[in-house]
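Below is one structure; the comments refer to it alone.
Residue indices begin at 1 and follow the sequence shown. Values reported hereafter were calculated over all heavy atoms of this structure, with side chains retained and with hydrogens, waters and symmetry mates removed. This is a predicted model, so every value here is computed, not measured.
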Amino acid sequence: ANNNSREIRVIYLYRYLSLVFTSLFYLFDNLTKYFLYKLGVIIILFITSRIVTNLYSRYSNNSKAIKSLVLSETFGISMLLLPTGGLNSPFIWYAMNPVLVSASFLTGLFCWFNLGFYLAISASVSYFIFNTGNKSAVEILSDNSHLILIFILMTLGVQLLLKLAHELCNERNRLREKNDQLAEANEKIKESIEHIMSLYQAVETFTAQDSREKLMNTIIFYARELTK
């Protein structure tokens, strides 16, 4: 649960930072053109992002629900390219959000499948909608090979960083367990030393007693101390 909450906080942080920066680039690119339209797109995107992030937080332990949310968001981001400039849209980088979610909560295989799903839809949008030069699919992929490479490297980097973070977290938990065991062992050693000292004091006292009554009282006292 703690790991999930930390990952959710990271996803929140990246999601809103990426949304702010991509929105600013989109809004101030040719500021005088379609300003209100752009502002409306950004507001809707903020609202949608809030809803989706809350759903991720609510269903973080339900892999089927997370898969459905990731694929739905990926498709939605792909469709967002239509009114915002296709592959030239700054929101193309916002697609790293579902990649981060799938890398955090789902398998590596699904993460790569989701990336392929996004690239396929984005390429289709570029081919069928923004293909003013009547280029072939191969030419479009070739022209945007740098984007594909960046997405692949970023996805790989996210997976490696999350794997390292999980390993560090597991190692910290193991060290914490060892520290607890050492603390428990240390308490037992201290308790044993106290018993030994009590026994030593009892023996010293026994040798100094000159009456049976005092001796019995001493035995009862130290018996209670040693047995707790």
Is it possible for you to say whether [X] and [Y] belong to one hydrophobic cluster, with membership spreading through side-chain heavy-atom contacts below 4.5 Å?
X: Val41; Y: Ile51; answer: yes
X: Ile44; Y: Ile42; answer: no
X: Phe25; Y: Leu27; answer: no
X: Tyr26; Y: Phe28; answer: yes
X: Leu80; Y: Phe21; answer: no

Specify the closest pair of heavy atoms between [X] and [Y], including all atoms of both residues, with the distance to one decimal.
X: Leu81; Y: Ser89; answer: CD2-CB, 3.9 Å
X: Leu115; Y: Ile152; answer: CD2-CA, 4.1 Å
X: Ala137; Y: Tyr127; answer: N-CE1, 3.6 Å
X: Thr155; Y: Cys111; answer: CG2-SG, 3.7 Å
X: Ser78; Y: Val125; answer: O-CG2, 4.2 Å
X: Phe151; Y: Ile92; answer: CZ-O, 3.2 Å

Can you tell me how far the [atom1] atom of [X] sits from the [atom2] atom of [Y], to the nearest 0.5 Å?
X: Ser23; Y: Phe46; atom1: OG; atom2: CZ; value: 5.0 Å
X: Thr22; Y: Trp93; atom1: OG1; atom2: CH2; value: 12.0 Å
X: Thr74; Y: Leu69; atom1: OG1; atom2: CG; value: 10.5 Å
X: Leu55; Y: Ser68; atom1: CG; atom2: OG; value: 11.0 Å
X: Glu73; Y: Ile77; atom1: CD; atom2: CD1; value: 4.5 Å
X: Arg50; Y: Tyr16; atom1: CZ; atom2: OH; value: 4.5 Å

Check: How about Ser49 and Tyr94: does a side-chain donor come under 3.5 Å of a side-chain acceptor?
Finding: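 A pair is found: one side chain offers a donor N or O, the other an acceptor, under 3.5 Å apart.
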Notebook entry, point to check: Would Ser18 and Asn97 count as having a side-chain donor-acceptor pair, cut-off 3.5 Å?
Noted result: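 Short answer, yes.
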Using a 4.5 Å cut-off on heavy atoms from C-beta on, say whether the side chain of [Y] contacts that of [X].
X: Lys135; Y: Asp143; answer: yes
X: Leu100; Y: Arg15; answer: no
X: Phe110; Y: Val70; answer: yes

Quick one: does any side-chain atom of [X] pair with a main-chain N or O of [Y] as donor and acceptor, under 3.5 Å?
X: Asn186; Y: Leu182; result: no
X: Ser142; Y: Val138; result: no
X: Asn179; Y: Leu175; result: yes

Check: Would you call Arg174 and Glu171 a salt bridge, taking side-chain N to carboxylate O under 4.0 Å as the test?
Finding: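 Salt bridge between Arg174 and Glu171, a charged N being under 4.0 Å from a carboxylate O: yes.
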Check: What's the verdict on side-chain contact (heavy atoms from CB on, under 4.5 Å) for Ile121 and Met79, showing C-alpha distance, side-chain angles and the deciding distance?
Finding: CA-CA 8 Å; Ile121 296 179; Met79 294 298 100; 3.8 Å; yes
Item checked: Derivation of the side-chain contact (heavy atoms from CB on, under 4.5 Å) call for Trp112 and Leu156 -> CA-CA 9 Å; Trp112 287 109; Leu156 182 62; 4.2 Å; yes
Margin query: Within the supplied structure, the quantity of interest is the number of heavy atoms (other residues, nucleotides, ligands) at a distance under 6.0 Å from Tyr59 OH; does it exceed 12?
Written below: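 Not buried by this count: 12 neighbours or fewer within 6.0 Å.
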